[in-house]
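Please read these numbers as outputs of a predicted model, since none were measured by experiment. Just so it is clear: chains get the letters A, B, ... in the order the sequence lines come, proteins before strands, and each one is counted from 1.
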Amino acid sequence: MEAAGQMKIIVGIKQEIRASAVAAVLVLSNSALAAVQPESGLGLPRDASQNGHLVDWLMNITSVFNIILFTIMCVWMGWACLKHNRNHPAEYDPGSSKHSVTIALAVSAFIFAIVDGNLFVNSINDLDREYWNFEKVAANPKTVRLEINAHQWAWDARYAGPDGKFNTEDDIVTWNEIKVPVGAPIYVELTSTDVIHSFYLPNFRAKMDAIPGQVNRFWFQAKETGDYDIGCAQHCGTHHYKMKALLSVVSPEEYKTWAAEASALAKRAFDPEDTAAHWGWDWKEL
Amino acid sequence: MHAEAHPAGVHPEPTSFLRRYIFSTDHKVIAKQFLWAGLVFLAVGGSLAMMIRWQWAFPGRPVPLFGIFLSRSGGVITPATYQSIFTMHGLIMIFFAITPVMIGCFGNFTIPLMIGAQDMAFPKLNMLSFWTFVISLILITASFFVQLGTAAAGWTTYAPLSTQIGTPGAGQTLVVAAIFVTGAATIMGAINYVTTVIRLRSPGMTYMRMPLTVWGLWLTAILNVLFVPVLGAAALLLFLDRVFGTQFFIAGAAGVKGGGDPILFQHLFWIFGHPEVYILILPAWGFISDIIPFFARKPAYWYRGSVFAMVAVTVLSAVVYGHHMFLTGMNPLLGKGFMTLTLIISIPAEILFLNWLHTLWKGSNRFPSPMLFALGTVFVFGLGGLTGLYLGTIATDLYLHDTMWVVGHFHLTMAAAAFLGSFAAIYFWFPKMFGRRMNEGLAKLHFWTSAVFITLVFCGQLVAGYAGQQRRLYDPYQYTFLSHLLPLNRWTSYFAFALGISQFVFVYNFLSSLVAGEKAEQNPWQVGTLEWTLCPSPPPHYNYATPPVVIRGPHEFANPDVIKALGRDWIGQTEPMPKVAAAAIKPAAGGAKD
Amino acid sequence: MTAMGEVLPYRPPRAREETTAFLGMVVFLGSWAMMFAALFFAYGFVRTRSVAWPPPDLPGLPWETPAINTLVLAASSAAIQYGLRVIRQGASPKLGRALLLTVLLGAVFLALQVSVWTRLYVEGLRPETGGAYGSVFWGLTCFHALHVLVGLIGVGLLTRRAFAGAFSAAKYLPVRLWALYWHFVGAVWALMFVLVFLL
Ligand code: HEA
Ligand code: HEA
Ligand code: CUA
Ligand SMILES: [Cu+2]
């Protein structure tokens with residue numbers, strides 16, 4: 001009987017995929033034209049976000065510190081190995097004297113204060129001012145709100161439409177493509193219907209888990225138009241590697257016209273019977 | 001002479017082959033059993049790693065050699081197989097390769113010998129521990145041959161992917177069972193280690209005179225005793241979900257009646273999982289903290305500092321697990337708390353580091369293979385530890401989480417540091433274990449190839465992660481933003497293959513030395529710990545006929561009085577200071593004044 | 001043993017041996033306590049996150065029978081403790097009877113548990129349909145019952161040896177160890193009674 005229960009679940013998921021597929025066909029005629037520019041070199045993917053540089057800076061400054069530390073360490077080790085070899089008489093020093101202990105503690109405290117201290121302070125600031133500062137985003141009139149539903153192995157996105165309410169008939173529902181205006185904060189709430197996924201925007205240094213039974217949120221803001229990869233970062237089954245989608249950042253005008261058309265289309269295509277397609281939820285503003 | 005004396009309460013040495021080599025209760029025999037099991041599965045896990053690397057170097061091309069295992073798909077790795085490969089690679093390496101070698105083998109071998117005990121506190125439990133472990137090995141092996149293949153939900157086994165919803169089939173169930181069973185085996189061993197160190201230290205072997213190896217392994221055992229049961233609970237509940245259809249971890253659309261919570265599994269897993277990663281490094285820290293002074297011919301620098309640092313890490317490791325869950329939408333305050341604690345762990349790590357470096361400094365360093373591997377461990381652990389800082393910081397983890405950066409980080413810390421640390425121990429104690437020497441030339445060759453390639457491989461992973469490549473991708477190049485990484489990954493793979501091949505140097509050296517290696521004398525390394533100074537190689541049944549009376553710490557090197565009196569730079573832990581200079585004894589290493 | 005004369009006794013005297021064994025048992029139970037702690041953590045976690053506990057259409061958990069069961073286990077713990085007292089005075093048969101009582105009470109506990117399970121099962125609380133609520137109930141109680149069963153077997157064997165006069169005032173370590181285990185199982189139940197059945 002337990003197997004039967006599982007079957008129901010599987011079927012449920014199947015319907016979901018079909019339903020969203022339908023929605024997609026309706027809304028996304030132009031996705032064919034989309035083209036993501038490949039990256040080059042071994043560095044970070046290019047930064048298309050308004051606040052990603054904070055992460056980049058923090059990583060790179062830490063790398064500078066660490067390289068210095070590690071070089072000191074290696075030179076120290078190498079020097080000791082070469083100079084103080086078998087021909088060098090070992091010094092009888094248990095290193096437990098007050099003096100040497102204070103030195104060890106002082107050095108560690110110093111390294112900690114610089115490297116970890118810098119990481120800590122900047123991380124807290126970045127989180128409070130940017131990445132976890134949802135008040136700012138909620139207050140901004142330009143903010144675009146998005147609901148994302150992840151499932152094996154695709155991303156459904158839902159826009160509130162003109163009425164500004166989710167799960168109504170004028171919602172725009174897209175499949176594996178998300179269109180956002182440049183320069184406006186995109187406030188995303190996301191969940192999953194099967195297993196855990198993770199919504200990943202490499203070019204925006206943004207990532208958030210999509211977890212069944214719970215709604216997570218994050219936000220990002222594009223600083224230039226273009227097409228970008230959306231990835232899944234959490235292992236979610238056989239086709240995890242294929243669970244990619246397209247983020248196309250367009251000018252506010254283009255976005256407006258697209259949104260108008262799309263929601264009109266959606267209204268016409270709205271099918272009250274197809275409950276699986278109504279996966280949206282009331283926006284959980286704080 | 002030791003053999004025929006059976007002191008009170010201990011039984012005579014068994015004579016039948018079965019009791020002597022198979023169902024033995026002798027800690028030294030059990031140690032060797034764990035070593036064999038561990039090395040064989042290290043080979044299995046390594047082979048799986050080679051397949052991962054092949055897939056990333058030549059996506060979708062038939063795998064040479066290992067292709068025969070993939071006959072159904074014509075030697076090609078399919079997406080479904082791929083997830084099983086990395087899942088089992090991770091699980092096998094952690095639970096069935098490194099753990100048995102470091103803890104099962106060297107925990108068993110060194111603890112009683114180094115504290116002057118005749119055996120573990122509970123020899124029968126010790127034997128039971130190994131055979132329970134064998135059961136888990138059988139379960140793991142069986143899981144490869146069932147329908148739908150073996151586990152595929154990643155070594156972290158996150159629910160609901162790991163429930164019937166995500167991975168139907170008996171394979172995942174068998175693996176979950178295997179984890180529970182191996183957990184039971186680990187706990188039995190750990191109970192033994194903890195009790196043995198507390199109760200069976202020989203007279204004078206105070207805590208502050210214990211070799212750091214014993215400290216590392218003892219703290220490891222304490223962590224095992226406390227946190228493996230939590231993994232057990234997680235595995236148990238997952239097993240119930242899979243077999244009896246309970247709903248502990250199933251929520252959302254799939255959940256009946258509200259259902260359970262997938263995040264619950266992550267909490268349980270990481271409450272165990274983070275201590276586990278220190279379980280995998282503490283023994284290595286212990287080994288190298290002894291080996292470095294041994295071959296620097298110099299007292300361990302600030303012995304107590306190293307002890308306190310290891311204790312501090314042990315304590316802290318219990319309260320930082322949340323750093324694996326920064327992106328699960330955890331309460332921001334909680335997240336910042338975990339971040340703070342995580343960063344604090346780098347202090348004890350730095351203290352250990354400084355102690356190692358200071359020990360080398362002004363030493364009289366020699367570089368036989370154990371020393372080389374110890375230094376290699378220091379090097380890669382430095383890299384691994386420092387890369388952990390980016391992950392402990394939430395802002396940067398937003399980008400790096402679940403990328404190859406994480407993979408590079410933990411390979412440098414455990415696949416490199418714990419891996420090289422284990423080899424340091426193998427090369428160091430091989431003469432005591434088997435009574436023969438390993439070929440030094442081959443050992444050095446094994447070191448240089450391993451150390452160089454392991455660094456290249458795992459730094460390659462770091463670079464891929466910095467460029468944004470996610471983990472666990474069957475074909476990363478599906479993504480436009482990763483398509484340019486093929487050459488990088490291909491080079492990383494070449495280095496990985498070189499690393500894999502260089503391990504055969506070890507295999508050959510190990511096996512040939514077993515049968516044909518030159519006989520080892522009692523104390524080839526000229527060091528002062530009990531097993532080298534008081535036991536022949538290999539040690540007799542019950543190690544010591546009479547309890548060694550310890551009078552000083554384990555690293556008493558370069559003591560001028562000793563040199564004057566004995567004409568050598570070391571003195572045993574039980575060796576009385578010869579009259580000549582007894583007058584002017586200075587405080588020795590490791591606070592021998594206790 | 002005869003050849004022993006010369007070498008001074010290496011293994012410590014029995015008293016020390018016993019403390020070691022006792023410590024081992026304590027460490028083991030400490031470890032097992034962590035496992036139950038984790039299970040209770042799981043329970044608290046799903047419960048605090050659930051909308052309705054119990055879900056409207058599912059039967060609530062009874063408290064009467066479990067309450068009786070708590071007393072039953074308490075009594076059996078007292079019995080084995082009494083057994084320890086008497087064996088310290090070397091009264092082996094008395095110990096046998098005390099252990100027998102322990103086993104019987106343990107059996108009563110299991111019987112009552114079975115009655116609770118069957119009742120809830122027919123009332124519709126099933127592992128596979130009860131959601132987190134059913135999962136917690138079935139998972140925790142069954143896992144605990146398993147420990148009681150192990151205790152029964154262990155103490156049962158002790159009982160046989162006790163009647164055979166295997167224990168004396170000088171030698172009763174197994175009784176000590178099993179008593180400790182039995183108290184542990186009882187304590188876990190008491191906690192489970194309060195957290196799962198009362199709250
Ligand atoms: C042996 C194993 C081991 C060790 C020792 C460590 C050590 C550390 N780890 Fe690591 N970690 C893992 C194994 C390990 N880790 C594994 C397996 C995972 C991934 C699991 C998975 O998701 O699959 C992981 C993942 C992981 C994460 C989660 C990443 C994510 O998923 O997003 C984080 C985040 O904080 C982290 C942090 C740290 C930190 C801060 C340390 C610190 O202890 C590091 C401290 C050390 C140093 C700071 C370096 C030493 C100091 C110096 C070199 C300076 C000395 C120089 C001079 C004195 C001159 N680790
Ligand atoms: C201690 C643990 C450990 C060790 C040693 C290793 C060793 C290696 N790992 Fe592993 N790895 C993990 C733990 C480990 N790994 C974990 C936990 C994961 C995550 C899994 C997941 O995502 O769920 C992972 C994932 C992982 C990935 C990412 C997969 C993915 O995300 O898709 C990759 C890719 O490069 C990789 C590569 C390697 C390589 C090249 C080695 C090389 O170092 C291997 C070299 C070793 C050998 C070739 C063996 C040699 C054999 C012997 C010496 C035995 C001698 C035999 C006898 C005497 C009989 N590993
Ligand atoms: Cu969805 Cu990975
Ligand atoms: Cu961790």
Side-chain angles (χ1 to χ4, degrees), chain A residues 2 6 9 12 36 38-40 42 45 55 58-59 62 66 70 73 76-77 80-81 84-86 88-92 94-96 101 104 107-108 111-112 116 119-120 123 126-127 131-132 193 195-196 198 202 205 207-209 211-213 216 229 231 233-235 237-238 240-242 244, chain B residues 79-80 154 158 160-161 164-166 245 251-254 262 297-299 301-302 305 327-329 332 343 346-347 350-351 354 357-358 360-366 382 386 389-390 393-396 398-399 401-402 463 467-468 470 472-475 478-481 483-484 558-560 589:
Chain A
E2 164 248 337
Q6 301 299 357
I9 295 157
V36 179
E39 303 290 333
S40 60
L42 291 181
V55 170
L58 193 51
M59 284 198 288
T62 308
N66 285 352
F70 197 67
M73 197 192 94
W76 189 339
M77 228 164 89
C81 291
H84 304 154
N85 56 16
R86 55 170 58 253
H88 173 280
E91 183 190 56
Y92 181 64
S96 42
V101 168
V107 173
S108 318
I111 297 173
F112 179 76
D116 302 52
L119 277 167
F120 179 80
S123 179
D126 298 350
L127 292 171
Y131 308 117
W132 285 357
T193 42
V195 303
I196 300 178
S198 193
R205 315 294 187 252
K207 195 185 280 116
M208 181 47 85
D209 288 359
I211 299 164
N216 285 346
D229 272 321
Q234 183 61 262
H235 176 45
T238 317
H240 161 57
Y241 75 106
K242 268 194 189 157
K244 70 178 217 182
Chain B
Y158 277 4
L161 182 62
Q164 295 285 1
I165 299 171
R297 315 306 297 174
K298 188 165 168 288
Y301 195 86
W302 195 21
L327 274 73
T328 56
L343 292 175
S346 53
I347 297 178
E350 285 170 12
I351 291 178
L354 288 165
L357 297 173
H358 272 120
L360 291 168
W361 191 249
K362 294 194 177 156
S364 174
N365 297 298
R366 326 284 158 95
L386 290 171
L389 299 177
Y390 304 72
T393 313
I394 298 174
T396 45
L398 293 178
Y399 173 64
H401 175 65
D402 268 328
V463 176
Q470 303 99 298
R472 300 164 168 175
L473 292 181
Y474 165 72
D475 177 5
Q478 287 274 326
Y479 286 96
T480 320
F481 82 103
S483 49
H484 68 297
N559 180 336

Nearest heavy atoms of R472(B) and Q234(A), plus distance in Å: NH1-OE1, 3.6 Å
Which answer fits D209(A), side chain, backbone, both or neither, if we ask what part of it has an atom under 4.5 Å from a heavy atom of chain B? both
Given the rule in the side-chain contact (heavy atoms from CB on, under 4.5 Å) test, do Y390(B) and L58(A) qualify, once you have shown the distances and angles that lead to the verdict? CA-CA 9 Å; Y390(B) 304 72; L58(A) 193 51; over 6 Å; no
Is L119(A) in contact with chain B via its backbone, its side chain, both, or neither, using a 4.5 Å heavy-atom distance? both
Inter-residue atom distance T193(A).OG1 - I165(B).CD1, 0.5 Å rounding: 10.0 Å
So which atom in A80(A) and which in W361(B) form the shortest heavy-atom distance, rounded to 0.1 Å? CB-CE3, 3.8 Å
Is it the case that atom NZ in K362(B) sees more than 12 heavy atoms from other parts of the structure closer than 6.0 Å? no
Under 4.5 Å heavy-atom distance to chain B, tell me which part of T62(A) shows up: side chain, backbone, both or neither. both
What heavy-atom pair brings A395(B) and Y131(A) nearest, and what distance separates the two atoms? CB-CE1, 4.4 Å
Chain A contact via S483(B) - side chain, backbone, both or neither, heavy atoms under 4.5 Å: side chain
Would you say S346(B) and D116(A) are linked by a side-chain donor-acceptor pair, where the criterion is simply a distance under 3.5 Å? yes
Heavy-atom side-chain proximity of P299(B) to Y92(A) below 4.5 angstrom: yes
side-chain contact (heavy atoms from CB on, under 4.5 Å) between L386(B) and F70(A), worked out: CA-CA 9 Å; L386(B) 290 171; F70(A) 197 67; 4.1 Å; yes
Looking only at non-hydrogen atoms, find the nearest pair between L42(A) and A467(B) and report the distance. O-CB, 4.1 Å
What pairs with P332(B) under side-chain contact (heavy atoms from CB on, under 4.5 Å), at least two apart in sequence or on another chain? W132(A)
Partners of H358(B) by side-chain contact (heavy atoms from CB on, under 4.5 Å), sequence neighbours excluded? W76(A), Y301(B), L354(B)
R205(A)/L398(B) under side-chain contact (heavy atoms from CB on, under 4.5 Å): CA gap, chis, key distance, verdict: CA-CA 7 Å; R205(A) 315 294 187 252; L398(B) 293 178; over 6 Å; no
State, with a plain yes or no, whether a side-chain heavy atom of H235(A) is found less than 4.5 Å away from one of Y158(B). no
Quick check against the 3.5 Å criterion: does K207(A) have a side-chain atom that pairs as donor or acceptor with the backbone of L327(B)? no
Among the listed options A104(A), G95(A), P45(A), S40(A), the residue most often paired with chain B at heavy-atom distances under 4.5 Å: G95(A)
For a quick test of reading the model, state the closest non-hydrogen atom pair linking R297(B) to A90(A) and the distance between them. O-CB, 3.1 Å
P89(A) versus chain B, the contacting section by heavy-atom distance below 4.5 Å: backbone
Checked L127(A), V107(A), D126(A) vs chain B; the most non-hydrogen pairs under 4.5 Å come from L127(A)
I'd like to check M73(A) versus L357(B) (side-chain heavy atoms, cut-off strictly below 4.5 Å). Are they in contact? yes
Heavy-atom distance under 4.5 Å between the side chains of V101(A) and W302(B), does that happen here? yes
For N365(B) and N85(A), indicate whether the former's side chain and the latter's backbone hold a donor-acceptor pair under 3.5 Å. no
Is there side-chain contact between H240(A) and L473(B), with at least one heavy-atom pair below 4.5 Å? yes
Chain B interface, residue from N66(A), V55(A), I111(A) that has the most non-hydrogen pairs under 4.5 Å: N66(A)
Look up atom OG in S108(A) and atom CD1 in I347(B), then write down how far apart they are to the nearest 0.5 Å. 8.0 Å
Most chain B-contacting option - heavy-atom pairs closer than 4.5 Å, from S198(A), P202(A), G231(A): P202(A)
Sub-4.5 Å side-chain heavy-atom contact between P262(B) and I196(A): yes
Please check: side-chain N/O of S364(B) versus main-chain N/O of R86(A), any donor-acceptor pairing under 3.5 Å? yes
Within the side chain of D229(A), is there an N or O that forms a donor-acceptor pair under 3.5 Å with the backbone of T480(B)? yes
Closest non-hydrogen atoms of Y241(A) and Q478(B), given as atom of the first, atom of the second and distance, are CD1-CG, 3.6 Å
